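Each remark here refers to the structure printed beneath this line.
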There are 2 protein chains.
Amino acid sequence: MTAAGTQTSTRDRLLDAFETLLKDGGSRAATLDAVASAAEVSKGGLLYHFPSKDDLVAGMLARIHEMGDADVARMRTAECGPVDFYLQTSVDTGSPFDRALIAAARIAQESPGSPEGQRARDTMARLRQGWFEVLAEHLGDDSLARTVQLIGDGLYFDDITGLAHGGSLDHVRDTLRRLGAL
Amino acid sequence: MTAAGTQTSTRDRLLDAFETLLKDGGSRAATLDAVASAAEVSKGGLLYHFPSKDDLVAGMLARIHEMGDADVARMRTAECGPVDFYLQTSVDTGSPFDRALIAAARIAQESPGSPEGQRARDTMARLRQGWFEVLAEHLGDDSLARTVQLIGDGLYFDDITGLAHGGSLDHVRDTLRRLGAL
DNA sequence: GTCTATATCACGATAGAC
DNA sequence: GTCTATCGTGATATAGAC
């Protein structure tokens, strides 16, 4: 946060690498060695910025919080409306936010009992709360809002698990139009 | 498969322990030591039945295939209808099948690139295909069937990730009744 | 079929030079 | 702020006794 330029700091490069490894290879692949190597930094260099793996996770989650607030704001004012915006962003578009979200979901599941896992879950719960509020406000119907959110979760799950189907988004739009939600 | 009695074989006890550890602690907790210990067998005993961790995963997936075929059969003839049956079984009821499914989902996500991950994904894809066929046949509408399936995926994702909401199932039923799907 | 070693290796983390 | 070198631990897997 010291410069406004486009050059990414070592710190951000490390977090980027961590997220990418988590997304593509799961938590077992996201070792400190692998992160350092992918970011083209030595392990010692990594551990200067993040003294432990916990700190790496914490740094990642902190970045997500910032991006999450911006995402909710965009959702509110999206031209296509909040519902379609939500659905569109529930499939992995390859954006940095999606990458970070998938990485967080991996942490949440791969360490169900650990403190890091709990923090990742808290982060996701907060994001989901923000999205739900916009959906419920826009739709004026909690049941419908919750259903839309679950559909988004389903789209996310399929992407994350590698089960995604091509036409799913169109099928959902079709159904939601019948409900007057789109 | 030698006896029809109720006493569980060592083999099955090991698979049970593996699934439980995967569900409760993620793949990092499901080590060979932990599995052997939880099943009250020595590590050598485990490795007699499953010479490698890969074999443990393969054994688990094989059991899922059997249970999956039985589940689809029950779904077809369920008194409450296939849709509600599908939704009910999309939240973790604590059944052996749910436990196995959650375990498979963890493997699929924690080793996205590895052969085991691919096999887990194949298993899940096959199960989903079975469920989808019943839903589409019953509803006579691919878009609606795909939407119901995504809602089920969403319910599953929330459970798996520890994000589940109490009233989600009722909200969904409410919405699906409006669509004439329930 | 089940057990007790034990080999091998990779992971997270520390120490200290530059 | 970044590096190399190294320690301690815990994971998979092997060998061979019972």
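Here the structure is a predicted model, which means the values were calculated and not measured. By convention in this document, chain letters (A, B, ...) are assigned in the order of the sequence lines, proteins followed by strands, and residues within each chain are numbered from 1.
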Next on the checklist: Below 4.0 Å from chain A heavy atoms, what is the first contacting nucleotide of DNA chain D and what is the last?
Outcome noted: dG1(D) to dT4(D)
Would you give me the side-chain donor-acceptor pairs under 3.5 Å for residues 25-34 of chain A, sequence neighbours excluded?
unit_1, atom_1, unit_2, atom_2, d
Ser27(A), OG, Glu110(A), OE1, 2.1
Arg28(A), NH1, Ser27(B), O, 3.4
Arg28(A), NH1, Ser27(B), OG, 3.4
Thr31(A), OG1, Ala34(A), N, 3.1
Asp33(A), OD2, Lys43(A), NZ, 3.1

Checklist entry - For the pair made of CZ in Phe18(A) and P in dC11(C), what is the distance, rounded to whole Å? => result 14 Å
Checklist entry - Just how far, in rounded Å, is C1' of dA5(C) from CG of Asp33(B)? => result 13 Å
Checklist entry - Does a donor on one side chain and an acceptor on the other come within less than 3.5 Å for Gln129(B) and Arg126(B)? => result no
Checklist entry - Does the side chain of Tyr86(A) come under 3.5 Å of the side chain of Asp71(A) through a donor N or O and an acceptor N or O? => result no
Next on the checklist: Between Thr161(A) and Asp158(A) (side chain of the first, backbone of the second, donor and acceptor by atom type, cut-off under 3.5 Å), is there such a pair?
Outcome noted: no
Next on the checklist: I'd like to know if the side chain of Arg106(A) reaches the main chain of Leu22(A), judged simply by a donor and an acceptor atom lying under 3.5 Å from each other, with no hydrogens or angles considered.
Outcome noted: yes
Checklist outcome for this item: So, with a heavy-atom separation below 4.0 Å from DNA chain C, the residues of residues 111-119 of chain B are none
Checklist entry - Taking DNA chain C as the partner, which of residues 45-64 of chain A come within under 4.0 angstrom of it by heavy atom? => result Leu47(A), Ser52(A), Lys53(A)
Among residues at least two apart in sequence or on other chains, which ones pass salt bridge (Lys or Arg N to Asp or Glu O under 4.0 Å) with [X]?
| X | result |
| --- | --- |
| Asp122(A) | none |
| Lys53(B) | none |
| Asp159(A) | none |
| Asp55(B) | none |

Item to check | side chain to side chain contact (heavy atoms under 4.5 Å, CB included) partners of Ala78(B), counting only residues at least two apart | outcome: Cys80(B), Phe85(B)
Next on the checklist: Tell me the closest heavy-atom pair linking Trp131(A) and Gln149(A), and the distance in Å.
Outcome noted: CB-NE2, 4.0 Å
Checklist entry - Measuring from Thr8(B):OG1 to Asp16(B):CG, what's the distance to the nearest 0.5 Å? => result 7.0 Å
Checklist outcome for this item: Here the gap from Leu14(B) atom CG to Phe50(B) atom CZ, rounded to the nearest 0.5 Å, amounts to 6.0 Å
Checklist outcome for this item: Rounded to 10°, the helix from dG1(C)-dC18(D) to dC18(C)-dG1(D) deviates from straight, judged by its five-pair end axes, by 0°
Checklist entry - Which residue pairs pass the salt bridge (Lys or Arg N to Asp or Glu O under 4.0 Å) test with at least one member in residues 164-182 of chain A, sequence neighbours excluded? => result Asp84(A)-Arg173(A), Asp170(A)-Arg173(A), Asp174(A)-Arg178(A), Arg178(A)-Asp141(B)
Next on the checklist: Any residue in residues 34-44 of chain A with a heavy atom nearer than 4.0 angstrom to DNA chain D? Just list them by number, or reply none.
Outcome noted: Val41(A), Ser42(A), Gly44(A)
Checklist entry - With a 4.5 Å heavy-atom cut-off, do Leu135(B) and His138(B) have their side chains touching? => result no
